[in-house]
Every structure is written in C-alpha cells, then in structure tokens.
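Please read through the structure below; I'll follow up with questions.
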Amino acid sequence: MLAIVAPGQGAQQPGFLQPWVSETSFQDRIGWLSAVSGLDLAHYGTAADAETIRDTAIAQPLLVAAGLLAALELFPHPADAFPFIGVAAGHSVGEITAAAGVGVMSAEQAMVFVRERGRAMAEASAARPTSMTAVIGGQPEEVLAALDAQGLTAANHNGLGQVVAAGTVEQLEAFAAAPPKRARLIPLSVAGAFHTVHMQPAVSRLAGLGRGISTHDPRTRLLSNADGQVVHDGQDVLRRLVGQVASPVRWDLCMAAIADLGVTGLLEMPPAGTLTGIAKRNLKGVELFALNTPDQLEDALNFVHEHGGATSASPIAGNPTWRLVVSPGKGQFTRTEDIELDTVLPLHSTVGMVKNRRDDIPVSAPHGGIVVEWLVENGDPVSPGQPLLRLHPTVESANATEVTR
C-alpha cells in the first residue's frame, strides 16, 4: 500500500524549486498560482534567501504550491492517481496540500486559504515574541512534565523521541536553562509558536473564511493531524484545517494509522526529507521515497506502481463518497442498536463505535440517508478508511429521527 505525505513549515530551503522551474508545465502553473496567491512563488522558491522564506506569510503558500505542482508533474491527470494511493496525509500546513491533492478543495481555493493562514499566523506571531524548539530524546513523561512546568505546549508530536515545544521566548529560554535529562534541544527557524493558543486570533480569521469555501469529500483516505483518524467529510476536513492552527500536530498518531493500514511505501512530496526522516525512525520496514527534483519523476512513478494498485487502493476512490460511511481508525466495530435496512438517518447520526487500545471513536453518517447495506458485522475488526455502511441519499423528512448511541 502507498502513502503520499506533504511536509510542513521548516522543510523549505533556499533554491529548492530551482530544478522544477525548468519544466515548462511547472513554470506555467507556478505563474498561475503566483497570480492567485499574490506572491512571486517562483522567485521565492529559486532566488530568495533563508531568512526571507522563513517568513510565515511566504513559506506556507510556497510549500503548498510546491507540493501540489510536483503532484501534477507526477500525475498529469489527477484522477489517474487515486487508484494507486492508499492514504494521504500532511504535516501542519502540509495538510492543506494533502486536502487539495485528494480533491477536498481546488488548488486555487487552497492557495487563497493558505495565503490567509500564513498572513493571520504571522500577525498572531507579531503580537508577542514566540518560537519553537525541538526536543530530541529524554523520557517522554519527563519531557512533558518539563514543558508543563514552564507553561509550554507540546505543539508537535513527531514520533519516537521527538516533541516540539512552543511558547514565548522567555518560556523557551527558561526551558533551555533546565532541560529534561538526556534530551537535546534544537531551536527551530520558525517565526512563532504555531499550534498553540498564541495562534487563536488566526483561527478566528480562518473560521470566517472557511464558511465561504465549498468542499468535496476526499477521493481516498485522508488522515487528520488532530488525532490520526481518517476523515471522510469535506466540511469536517475544512473545520479541522481551521482548528489545527492552534492545536497540536499529532504526527505520531498519523504514523500509527499508516502502520495500522499496512503501508509498504511512503512517498514524500517536495521539499522532501523531513517526513521520510521521521518515518525512517518510526515506520520500520516501510520503503521511503523523498521526491525533490524532476529527474526523480520516473523513479517516483515506478515506486507508485510498485506499492500502489487496485489491491491496496482505498475503496473510497471507486465509490460515490456520499454513499459510504467509513471507519475513522483501526479497531473493533460495534453497531448502534436498531439501525436496520431502510432506516432513515438524519445528518450526523451516530451509527457505531470503533474501539482500540488508544481510544473509543464514535462513527457518524455526516450526510445522513437511507440504510441500504451494512458492509461489516457487529464486532468485526476494521481498518482505517474501511467502508462500514452504504447509504442512499434522501431529503430530510418528518420520518427522520435522530439515532444515538
């Protein structure tokens, strides 16, 4: 099974788009996305220095554009990609890349959204000096206790032995003066305390914009940074993208879901290296591919064909998305009582629960509908993104009654 992932802020390096702009199709498309975003993305990706592209308002649109346009170079006809992709995910701002890549929103919508996200986060960061520090090693309980003692937030959980602390500059200085035992601290080149309460003003700004964005349901499994669960409703994806700005990134849970699915190959979109590096430490036995130049496209396509295909692709890709309710995670499924064939379910009805060692996850039918077929039995083990229930759409009627657990 193939996973495709998109990196977050901090992955950008001066000149990382230089190899790509020699491709005519890439050059044309980046010109268009530059017009949409109001930024000269080709300049920032080829000629700007590290300090310039560290600016949140520049880095975030640059990263999303790079990932989406490289995906179009790999899959010139995007619909051809979905039969090969088992799961997609993005780290932090990379979630926008992933969401647009699987069809939740258009590239143009993604660029406007990420432009406003970058601006709003930059404004929030300017209100008070804040930053982030990677914490490598140490005992997890001791690391979290040390963060809590200084009022810091574990903004990124990146897997074995890596947490990113975020807060005010003063809090980070106090943390550095008394670090956890056997932990190494690496200050990050970012302009604020992302994924913390310091970004709440940005959430308010994006929530208003989000109400004007139309969405589609993902064409394949899409994992959420919030909890590592498969999200199958486009509006829920958008809500999570808004809230994620001030909430921790649980990349550890995304990798747990990737492992639960039995992924055999993970391909990282450019600028690649960060997520494949994390995966190397956390996803043993998974083959990795870091796509960074167009010279690698032929090898990348061979990698896609080797690990993707009909037997491992998401069953979501071949079905109208409004007709399926899918499992958000791995575990044992328990059906809600009294949901029989021909039952009319209103919007957001709870149809069951997926239980595993980490959590009890309620499963809802976001679009409602008439129950046509149960695709699993009560008590069956299920995997992330596995179809559970087939529905036929219906308009709301007086006969529709809320079904709760």
Side-chain angles (χ1 to χ4, degrees), residues 82 86-88 99 102-105 207 210-224 226-244 253 257 260-261 313-356 358-405:
F82 299 120
V87 62
V102 300
V104 172
M105 61 180 74
R211 289 191 289 272
I213 299 177
S214 58
T215 63
H216 300 280
D217 294 341
R219 292 285 303 276
T220 189
R221 299 180 186 93
L222 178 66
L223 300 179
S224 170
D227 47 24
Q229 293 178 15
V230 173
V231 184
H232 187 45
D233 173 53
Q235 282 297 305
D236 191 19
V237 172
L238 183 58
R239 283 190 293 271
R240 286 167 175 256
L241 289 176
V242 170
Q244 174 235 55
L253 298 181
D260 288 343
L261 283 165
S314 168
I316 298 169
N319 289 274
T321 56
W322 44 261
R323 296 189 67 181
L324 294 177
V325 177
V326 306
S327 175
K330 178 181 180 179
Q332 185 178 48
F333 179 67
T334 303
R335 282 169 47 174
T336 297
E337 294 181 0
D338 301 326
I339 299 183
E340 305 297 338
L341 297 185
D342 298 325
T343 298
V344 180
L345 300 179
L347 302 179
H348 305 294
S349 297
T350 300
V351 300
M353 187 79 68
V354 174
K355 298 184 178 182
N356 57 40
R358 294 189 294 269
D359 207 359
D360 291 353
I361 312 170
V363 181
S364 69
H367 304 292
I370 301 169
V371 176
V372 175
E373 179 185 14
W374 279 103
L375 303 175
V376 295
E377 298 294 333
N378 200 36
D380 276 357
V382 295
S383 61
Q386 179 177 338
L388 306 173
L389 176 64
R390 193 183 305 278
L391 300 171
H392 192 281
T394 183
V395 296
E396 213 170 274
S397 71
N399 295 325
T401 55
E402 180 66 50
V403 180
T404 58
R405 183 171 171 77

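The first residue of the sequence shown is numbered 1, and numbering continues consecutively from there.
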Q. Between V231 and P218, what is the shortest heavy-atom contact and its length?
A.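 Nearest pair, atom of V231 first, then P218: O-CG, 3.4 Å.
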Q) How long is the span from the CD atom in Q235 to the NE2 atom in H216, to the nearest 0.5 Å? A)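 Atom-to-atom, Q235:CD and H216:NE2 are 10.5 Å apart.
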Q) How far does CZ of F333 sit from CG of D380, to the nearest 0.5 angstrom? A)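 One gets 9.0 Å once the value is rounded to the nearest 0.5 Å.
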Q) Short question: side chain of D227, backbone of Q229 - any donor-acceptor pair under 3.5 Å? A)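 Yes; judged by distance alone, with no hydrogens or angles, the pair exists.
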Q. Any sub-3.5 Å donor-acceptor pair from R221's side-chain atoms to P384's backbone N or O?
A.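 Side chain of R221 to backbone of P384: a pair is present.
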Q | Separation of H367 NE2 from L324 CG (nearest 0.5 Å) | A |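 If we round to the nearest 0.5 Å, L324:CG and H367:NE2 are 10.0 Å apart.
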Q. Does I370 reach the side chain of L391, with side-chain heavy atoms less than 4.5 Å apart?
A.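 The answer is no, as the side chains (C-beta and beyond) never meet within the 4.5 Å cut-off.
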Q: Evaluate the side-chain contact (heavy atoms from CB on, under 4.5 Å) criterion for residues V242 and R211: first the C-alpha distance (whole Å), next the side-chain angles of each, then the deciding distance (0.1 Å), finally the verdict.
A: CA-CA 11 Å; V242 170; R211 289 191 289 272; over 6 Å; no
(Q) Within the 4.5 Å heavy-atom criterion, are N378 and T334 side-chain neighbours or not? (A)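 N378 reaches T334 side chain to side chain.
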Q) Can you list every salt bridge (Lys or Arg N to Asp or Glu O under 4.0 Å) pair that touches residues 363-379, not counting sequence neighbours? A)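 Residue pairs with at least one partner in residues 363-379: E373-R390.
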Q.
So, using side chain to side chain contact (heavy atoms under 4.5 Å, CB included) as the criterion, who are the partners of S327 when residues are at least two apart?
A.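 Residues passing side chain to side chain contact (heavy atoms under 4.5 Å, CB included) with S327: V354, V382, L388.
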Q) Would you say L241 and T215 make side-chain contact, with heavy atoms under 4.5 Å? A)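 The answer is no, as the side chains (C-beta and beyond) never meet within the 4.5 Å cut-off.
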Q: Scan V371, V351, D338 and name whichever one has a side-chain contact (heavy atoms from CB on, under 4.5 Å) with T343.
A: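 When V371, V351, D338 are each tested with T343, the side-chain contact (heavy atoms from CB on, under 4.5 Å) holds only for V371.
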(Q) Measuring from atom NZ of K330 to atom CD1 of I361, what distance do you get when rounded to the nearest 0.5 angstrom? (A)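 K330 atom NZ to I361 atom CD1 measures 12.0 Å (nearest 0.5 Å).
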Q.
Working to the nearest 0.5 angstrom, can you tell me the gap between L261 CG and S383 OG?
A.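 These two atoms lie 6.0 Å from each other.
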(Q) Let me confirm one number: the CG-NE2 distance from D342 to H392, rounded to the nearest 0.5 Å. (A)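 Reported value, rounded in 0.5 Å steps: 11.5 Å.
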**Q.** Residue pair V363 / V325, side-chain heavy-atom distance below 4.5 Å
**A.**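 Counting from C-beta outward, V363 and V325 do come under 4.5 Å.
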Q. Run the side-chain contact (heavy atoms from CB on, under 4.5 Å) check on V87 and L223 step by step: do they pass?
A. CA-CA 7 Å; V87 62; L223 300 179; 3.6 Å; yes
Q) Are the side chain of T336 and the backbone N or O of T350 linked by a donor-acceptor pair below 3.5 Å? A)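 Yes; judged by distance alone, with no hydrogens or angles, the pair exists.
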Q) Do the side chains of P381 and Q332 get nearer than 4.5 Å, heavy atoms only? A)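 They are not in side-chain contact.
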Q: Apply side chain to side chain contact (heavy atoms under 4.5 Å, CB included) to L253 and list each qualifying residue two or more places apart in sequence or on a separate chain.
A: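 Result, side chain to side chain contact (heavy atoms under 4.5 Å, CB included) vs L253: R250, R358.
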Q | Set of side chain to side chain contact (heavy atoms under 4.5 Å, CB included) partners for A88, sequence neighbours left out | A |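 V102, L222.
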Q. With S364, which residues qualify under side chain to side chain contact (heavy atoms under 4.5 Å, CB included), at least two apart?
A.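 By the side chain to side chain contact (heavy atoms under 4.5 Å, CB included) rule, S364 matches P366.
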